[in-house]
Structure formats: structure tokens, C-alpha cells
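By convention in this document, chain letters (A, B, ...) are assigned in the order of the sequence lines, proteins followed by strands, and residues within each chain are numbered from 1.
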Amino acid sequence: MGGEKEETSSKPAFDVGAASELVGKLRGAFASGKTRSYQWRESQLKGLLKMTEEHEQEIADALHSDLAKPELESYIYEAAMLKNSCRLALKELKRWMVPEKAKTSLTTFPSSAEIVPEPLGVVLIISAWNYPYLLSLDPVVGAIAAGNALVLKPSEIAPATSSLLAKLMGEYLDTSCIRVVEGAVPETTALLEQKWDKIFYTGNGKIGRIIMAAAAKHLTPVALELGGKSPVVVDSGIDLKVSCRRIIAGKWGCNNGQACISPDYVITTREHAPKVVDALKQELEKFYGKNPLESKDLSRIVNSNHFFRLSKLLDDDKVSGKVVHGGEKDQSKLRIAPTLLLDVPRDALIMQEEIFGPLLPILTVDKIEDSFDVINSGMKPLAAYLFTNNKKLREEFVMSVSAGGLVVNDTTVHLAILSLPFGGVGESGIGAYHGKFSFDAFSHKKAVVYRGFMGDAAIRYPPYTKMKLRLLKALITGNFFAIIRAIFGLSKD
Amino acid sequence: MLWAAGGCGRTLVFGYHFTAKSDLPLLPVLSSCPAISLLCRSASASGTFPVMAEEENRVFGASEASLLIRELRDSFKSGRTKSYDWRVSQLRGIEKMIEEREKDIIQALYMDLSKPELESFFSEISTSKSSCKKALKELKKWMMPEKVKTSMTTYPSSAEIVSEPLGVVLVISAWNYPFLLSLDPVIGAIAAGNAVVLKPSEIAPATSSLLARLLEEYLDKSAIRVVEGAVPETTALLDQKWDKIMYTGSGRVGRIVMAAAARHLTPVILELGGKCPAIVDSNVKLEVCVRRIIAGKWAANSGQACISIDYIITTKQFAPKLIDALKKGIEESFGEKPIESPDMSRIVNAFHFKRLVNLLDEERVYHKIVLGGQREEKLLKIAPTVLLDVPEDSQIMQEEIFGPMLPILTVENLEEGFEVVNSKPKPLAAYLFTNNEQLKKEFVQNVSAGGMLVNDAILHVTVPGLPFGGIGESGIGAYHGKFSFDAFSHKKGVMYRSFEGDSSVRYPPYTPKKQRLLKALINGNIIGIILALISWYRK
């Protein structure tokens, strides 16, 4: 995802001093114990829910202003998903907070043990511009559910949503423990110099590295939600129409490809490719009409930086001749039509970096199984998709393709399954969240063992006699006769 | 755990001199020698144990590290380490190695730390073995994908969480439990199906070289390797891209490891330490309590353990009784001259000996000694030492002690003790001795630490159903049992759909009717759904 610098207006500077003061205040609030109570967590989650319900239109307007995001998309992917997250947390929170009993061993008998989830403290969430409402608040839900104080830094590249979040969260939530800091690189740098108890960042690998290096200075754990080139493998013998609709929904129907789990490229067999291209063309026209640059159902490119980046990928000499559909651009409106490219060279820039836009290269292979090697030869993506009716291929895909998450016969919808962890592996990220996993991401699992003063065996304590050693060995190996021999001092050695 | 000794480009040189009478290493001679990149050179020909392998001239640098990781990556890519059979065979190999080479292990630990045999057996050998056994017993279950529920939105579908190996991982271990802390993470890495490089600590050279020999003999060296060495070797390793780095040691080096990992977006587990407090109430069964304190301090490698008790907090009134009982208990355990007791490990090396003596000899601290205080530089031994009411700002209360000194702080009431603990960086473990149920509750609720144990010390690490790891300054991530498997696995969310049940409501063009229907569906509003379907919506 994005995350580059942009000029901000001349607001009062949020510098290291301001950041340190802010963290100090939040630490004080956290130390008061307020955020730990079930009641506080519940009230804040309800506040988030109410805020999202009562300001649905403003949220949609802000997203439209930032990205020309279609209202239905804003509703499903940002507002409704966030509400789902809040509702699940509200429903499950009591259960999540209950300590989990653990079995103890013979060594510590008699005893009992449990795993107690406790909040980490004061956490920092740095979010992204492409789903600026959901990706800001979904981690916030986890941080609150786990009982933390927090600072949210929304992306300056989606300024309308950023300022709306700052305004609304000030109104609906407890500002002594939950704060929004708006800004770009200088503000983020000031924040990153502070000691946090966790940093949760959504964005790209370049910034992810900077965040982790900054976190290392304070031994702060991080969750990094990054991206990658998420592939779609399309087998033959499938319901091609449904498959293509699902690819389109995951690509252009997800913020015009500006989504971290959006399909980045398609792999299919040489023979099957023409059919796939035709079916995609047909469905694209049904969805977005003959002039997709005019369609209200497609987000625009977020800003001119990204527009130029995408244009450059497309205008690459090795690439421009490979366009089989689309390719139209309108710079004044920051629009690029859904574009299909067939057989672009693997070493073209478009196949080297995450596209994060409406361009979809289609690679061809001899056998569909070869596609797994293509995927595994690159960086591990955040998601990988396969369309097939072949059970064996499906099994092989799950076994041999490594990615943050996988979906068979659809794209992007795994995001909505809150019982699945959502997160990357390798270059696509560190750590996971969603549902209970969000609660866990912002909790420390404290191991607690309780013992009585009974059952104290001298064997543990010095002086260490030969008999103690023999007895201990016998006890540990569970050798009954050796225990008897040791106790009666009959051991041979 | 691992203190500054190996850091800052400084290397240490050891020579282990053997006497004719016994095979005990009496004098670990230490000097700093910045010119030599590899440590552990043996000085004279006879009577000296050559600690490092013979290949004195071979330096492990960046190109060797990159070659090594390429080999391991190829092995990993071949898919061999993923199979259940491979994992089982390697875990069995470790089990067999521990069983067959118990004597060698005990001897190496004795050379490195004068660790008493029973301690080596109890806290290194049998713990490693049970870790192996547990993994062997549970592995099939751990490897099984976990089915999860799916939602209405994606109906019809199914979903599962598949555990997959991360790839090639690096384990950097510590000198204080050099066998256990090396093998325990390796067991997790193997169980999860990874290729692995182990870098044992150069500060426990006998165990390091034993591990290098044994792992090669008993395990598949195309996927499991040991690299011995100090700072230069570790630096060369850290420059490579790993799929996970697990480090056990100090916060200072932990920061370096994590910063190096950040360059490659490599996740880390950092097992660090901290000042682990023990809060002692007056209503305890004192004799048992004191024995457990002794077991958790001096019988745990002379206090050189990351979860060993660092200091005690008790009430002003109770302190004298506690000290009397400790005095009696220490004498029972280690005799009248504990410095001569074979049942206490020595201080690992002269560097740490000096560090500890400095802590003890601080002016404001020295006259607070109520018990012990004797030291023998030649033997690297310091007697169990108890100090009463040292100033909070003295060095001994600022850094992790990691040795046989035990300060006792006194407070008016024990709740104050919780504040003392919480005013410091979060420790790896916190202990409470009490019979007061209310106090137990408050302790668990208000004190933050990696783990806690009520009415005992240290033993919580042996409970395999519990995660072991720190929080804040005491570390990142956890392991042990299933948590080790998870620590070295990626939890891949997998969702399956069929081509049936495709509803056009998801797809553009987004008509107002679709919008209404979708909102009603998501909100579970039946009337709304019907109204939308028959286009009767008022809005």
C-alpha cells in the first residue's frame, strides 16, 4: 500500500516534545487502570459502533472525497466491516477476557495454571489511505478490546477521512485514553521516537522496515500489515463467468485495485488464456459499461503520484504493446480504465512491484501446476487465489503455495471471515489480526501458576546426594522399579 | 541473560587447564584480546582442552553465511523438512542424542559453569528431553489444519487455518543454560518443519563445541546446522535474510538483533530477562518458602538464570525472620562454607565475576550485607549473599543481577510492593509467596510480567501448557510446547468456495436497489430485505 510524503498545511507542529507529552498523558491514564475494566472496553466499542452508524453518510462522503469510492463499496468494505468487527468484539469480549486454564505437569504437582490476557499498555496504530476508515478503526477495535490506551495516526494521503476520524473519535470516545494524531512524515517520526508497547502499521514494506527499526530501539513488538503481488491461478474446466466476476470484484471492485489483497496478476495456461481474456472483457463491460473512465462504480487513483507511477508501469516499452483490453487514462480525473495485459515479460517493472491499481497482467504457463513455481519464485504475497474444480490441484495449492492467506474459487472474501487470522508472511507482513486474533495481537498472554505449600519434596534442593539424583532420574523417566531401588538405596551405580 | 561480555567487538580467550588429579577445569583464565577474531584458542599443548574446533584458520564471514543459507534454502525448497516423517526423525535424533550423550553434556556444562550434575540433569537434560517427547507425542495434532466457522457473507464456504513452516530460521542462544536454551527452540523449529541454524553462545565454549559435534552426528545436516562463534560470526549471520530469528539473551543485544531483522522484515522472538521480584508475605510456611527461594536463586545456576529471583520484597517486621530462615536454609543446602559447595555453579567467567563484585562493593551496598558476601576470584565463586534495604538507586537495584546476590527491600504493606515492581521495567517472571487469596488476586491483576508463579519460583517454565516469554523489556514472543510450534509456523488462513450461490448483489453496476438489499442483508433486517426485493423502500 501507499505511504509517501505529501505536503501538509501549516498546522501547529506536532514534534517530539508534543509526542512525548501525549504518551506521558496516555501512560498516566493507562496506569490508572481505567482501560482494563470490561465496562470501559465495552463503552468504547459501543461508541465506535454508534459513531459508524450515526455518521454513515459523512464517512461515505469523506471516502468519496479521498478516493471517489463508490458508496456501496464504502458501505460494505469500510462501514459494515467495521461494524461487524465491533459487534463480534462486543459479543465475545467477556469470553476473550476470561483466563484460560492450562494443564500442569507432575513436576509441579500439586498446582494449577492459567493464561491471563492482559493489555500491553499504550499502543500506536499507523494506518493506510486505501481503506482509510476500516484500516484505521479495525486495529483500534482490537486495541480497545484488549484494554489498551492508544494513538491512531491515520494516513495523510486520505485527508478527508483523516480529519473526519480525528473529529468523530474526539466526540464518541474517551479522549483521555484514545487519541488521533494527524500528519505526515514529521509527525510520524515524532511518534516513532516514543516508547510504545506495540506498534501496528498498515502500509508498505519500505516504511514497514523503518517502523520495525524504530521499534527495535525500545524493544517494542510490531504488527506489520503489508502487501505484495497477490496472484490468481485460473484453471480450465471451471465456471468461467462466475470466476471472472469474482476476479473483477476483487480487483476493480476493491477500490480499483488499490487494496492489499486485490489480485495483482493472473496465471493461466496458454490454451486457456484467450477464453479468460474474453470472459473478463465481457464481464467488465457488463459491470462498468463501454466507457469505464466515466463509471461511478470505480474508485479513482488516489493522487497524481500514484497516477504517474501506474502510468509508468503501463507505458514501459516492454509492456505497452501487451495491452489486450483498456489502457485508457484521464489524468485530470485521475482515472485509469480496467486494463488487461497478456504475457508481459517477467522482468518488466509491472511484474517486479506491487501494482496497486487497475492493471491486471495475465501470465501464461504450459501446465497449470507450473504456476505454483512462478508464485513461489517471488516474494510471499499477502493472498493467493486459485479457481479450479480439480481437488488434487487445490490440495497442492494449499500445501505448496505460501501466502498470508489463500482463497479457492473466489478473491478477497476471506477478509470477511473473522475466525481466520488476517496477516502476511515474509515480505507481506508480520503478525495477524481480525476477531479474536485482534484481541490477541494487543494482549500479553501472562502465564500464571499457583502452588500451595504442600507437596514439597526435598529432592529438588541441595545438597545433591547420589540418592537424590537417582531418584530424580527414576521419577522423570517414570521407571517404577528404579524409584523403589533408589528409595531403598539399592541402586547399583 | 547474555551480558556485555561478548559485545562491542571484544572477544574473550579461554584456556581450560586440567589438573592431574581430576578432570575438573579449575581456572578459566580470561583476558580480552581485540586482535583475535575467533575466540577460545588453547594455549599450551598438554593439559589444555581445545575448546573450539580444530579449523582455526577458517573464519565464518559474510560469504560463508550466505553460502550456508543458500544450502539450507535449497533443502527447505525441496520440501523435505515439511514432511511429518522428517520432523519425527529429527526429533527422535535429538532424543537419542540426549540419551546417549548424557555424560558428555553434563561434563560440558561442568566445564562451562561448574554446574552440579543434578542441576544439569534436572534443568537442562530432562527439560530438553521432555520438550522433545511432548513434540513427538503431539506433532500430528499440531500439524492438523484447524477448521473454523465461516460467515453468512461468504455462504456457502468452508475455512481452515493451515500451519506451515516459515522457511530457514536462526536460533541464537545463551550461555547460562547453554544446552536447554539451544535445543528447546531448535525442537520448535524442527517440529514446525523449518531448516535451522543454531548459534550457541561462545561464553559456554564446551557446550557450544559439543552441540556442534553432536548435532552433526545425530541430525540431518543438510537442514540443521550449528555455527560457532562470537560477535563477527553473529554479525555475518545477522546480515542474512532469515524467516525468523529467535534470540535468547540481553536487551542490549536484543535491540541489535531486532534492528538487523528489520532490514529483511524478519519476525523475531526475543527471550530476555529483567529483575524478577519475589514478594514474601508473613503468613507463609516459612521453611518451605525459603527452600523454594533457594531453589529459585542459588540452585538455579547460582542466580545466573533469566527467571531466577532478582530481589525480594517483604514487610519491615517480617524481614528479620525471613533472613534468619534464609541463613538456616543456605547452610543446610550449601554447608558452612558455601564457596566450597559443589552444589552451586560458579560465575561463568571473570568478566561477570568482576561485574558482580562491583555491584556488591558499591559503598552504599556493601555494608547492607546481612549474609554471605565472601568471594573467591580464583574459583570464580561468590557465596550466597543477602542484602537488606539497599538504596533503590544503587546499581544492584538498577540492572539485572544475574548472580548469587539477593537484595531484600522492605515495605510497610505488600501492596506497596506491587508498586515497586511496576515502577521498574516489566520482568520476565514475578513471584509471590502468600496464603492470602485476596493478595494473590491483586498480584495477578496488577503486576505485569512475562509469567508469574505463586508460592514457588522458576517451576512455571516446566508447565508445557503455558507460553514462556517476556513482555516489554523482558522480551517479545513466547515458546514452549505448542507455543514453540506456533512460534515457528505461519498460520495461513485458507478459505474454500464453490461456484454455486453467486449473487449479483456483490457486483457493479451498483444500483440503489442493490444498495438497499445489501444493507438490509448485512444488518439482518428481514423486513428490509423484503421491502428492498419488492422495491418498496421509502428512502
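When each of A:V222, A:N389, A:L224, A:I210 is checked for heavy-atom pairs under 4.5 Å with chain B, A:N389 comes out on top. The greatest number of non-hydrogen atom pairs below 4.5 Å with chain B, out of A:D197, A:T220, A:V116, A:I211, is found for A:T220. Of the listed residues (A:K445, A:K101, A:R245, A:E118), the one with the most heavy-atom contacts under 4.5 Å to chain B is A:R245. The candidate from A:L406, A:V408, A:N409 with the greatest count of non-hydrogen atom pairs under 4.5 Å with chain B is A:L406. Here A:A403 is the residue among A:A215, A:A403, A:P99 with the most heavy-atom pairs under 4.5 Å with chain B. The choice from B:I125, B:V288, B:N446 that makes the most heavy-atom pairs within less than 4.5 Å of chain A is B:V288. Listed options B:I294, B:L432, B:N435 were ranked by heavy-atom pairs under 4.5 angstrom with chain A; first place goes to B:N435. Between chain B and the residues A:K217, A:R246, A:H218, the largest count of heavy-atom pairs under 4.5 Å involves A:R246.
Here the side chain of A:K446 pairs no donor or acceptor atom with the backbone of B:I471 at under 3.5 angstrom. Under the 3.5 Å distance criterion, the side-chain polar atoms of A:H414 are left unmatched by any main-chain donor or acceptor of B:V494. In this structure a side-chain-to-backbone donor-acceptor pair under 3.5 Å is present from B:K492 to A:V398.
Surrounding CD of A:E100 are at most 12 heavy atoms belonging to other residues, nucleotides or ligands under 6.0 Å away. Within 6.0 Å of the NZ atom in B:K77, the count of heavy atoms belonging to other residues, nucleotides or ligands does not exceed 12.
A:R36 and B:Q445 get closest at one heavy-atom pair: NH1-O, 3.2 Å. Residues B:G254 and A:L219 share a closest heavy-atom pair of C-CD2, 4.1 Å. Shortest non-hydrogen contact noted between B:P509 and A:D297 is CA-OD2, 3.1 Å. For the pair B:K426 and A:L120, the tightest heavy-atom approach, listed with the atom from each and the gap, is NZ-O, 3.1 Å. Heavy atoms only, all atoms of each residue included: A:F437 and B:I161 are closest at CZ-CD1, 3.8 Å. Across B:A262 and A:A213, no two heavy atoms sit closer than the pair CB-N, 3.5 Å.
For the atom pair NZ of A:K380 and CG of B:L166, the computed distance is 6.5 Å after rounding to the nearest 0.5 Å. The OG atom of A:S402 lies 3.5 Å from the CD atom of B:E164; values are rounded to the nearest 0.5 Å. For the atom pair CD of B:E332 and OH of A:Y461, the computed distance is 12.0 Å after rounding to the nearest 0.5 Å. From B:L265, atom CG reaches atom NZ of A:K206 across 12.5 Å, with rounding to the nearest 0.5 Å. For the atom pair NE2 (B:H460) and OH (A:Y450), the distance works out to 13.0 Å, reported to the nearest 0.5 Å. How far OG of A:S419 is from CD of B:E146: 9.0 Å, rounded to the nearest 0.5 Å.
Residues B:R292 and A:R451 form a side-chain contact, since some pair of their non-hydrogen atoms from C-beta on lies under 4.5 Å apart. Side-chain contact check for A:I238 versus B:F499: some heavy-atom pair is nearer than 4.5 Å. When side chains are defined from C-beta on, B:V148 counts as touching A:L420, because their heavy atoms get closer than 4.5 Å. A 4.5 Å side-chain heavy-atom check between A:I76 and B:Y510 finds every atom pair outside the cut-off. Residues B:V284 and A:F453 have side chains in contact (heavy-atom distance under 4.5 Å, counting atoms from C-beta outward). B:Y496 is listed as a side-chain neighbour of A:R394, based on a closest heavy-atom distance under 4.5 Å.
Of the two parts of A:K195, only the side chain, counted from C-beta on, holds a non-hydrogen atom closer than 4.5 Å to a non-hydrogen atom of chain B. Within the 4.5 angstrom heavy-atom criterion, atoms from both the backbone and the side chain of A:P221 approach chain B. Proximity to chain A involves both the backbone and the side chain of B:A259, based on heavy atoms less than 4.5 angstrom apart. There is no contact between A:F422 and chain B, counting heavy-atom distances below 4.5 Å. The contact between A:I430 and chain B is made entirely by side chain atoms (from C-beta outward), counting heavy-atom distances below 4.5 Å. The contact between A:T388 and chain B is made entirely by backbone atoms, counting heavy-atom distances below 4.5 Å. Only the side chain of A:Y288 comes within contact range of chain B, with at least one heavy atom under 4.5 Å from a heavy atom of that chain.
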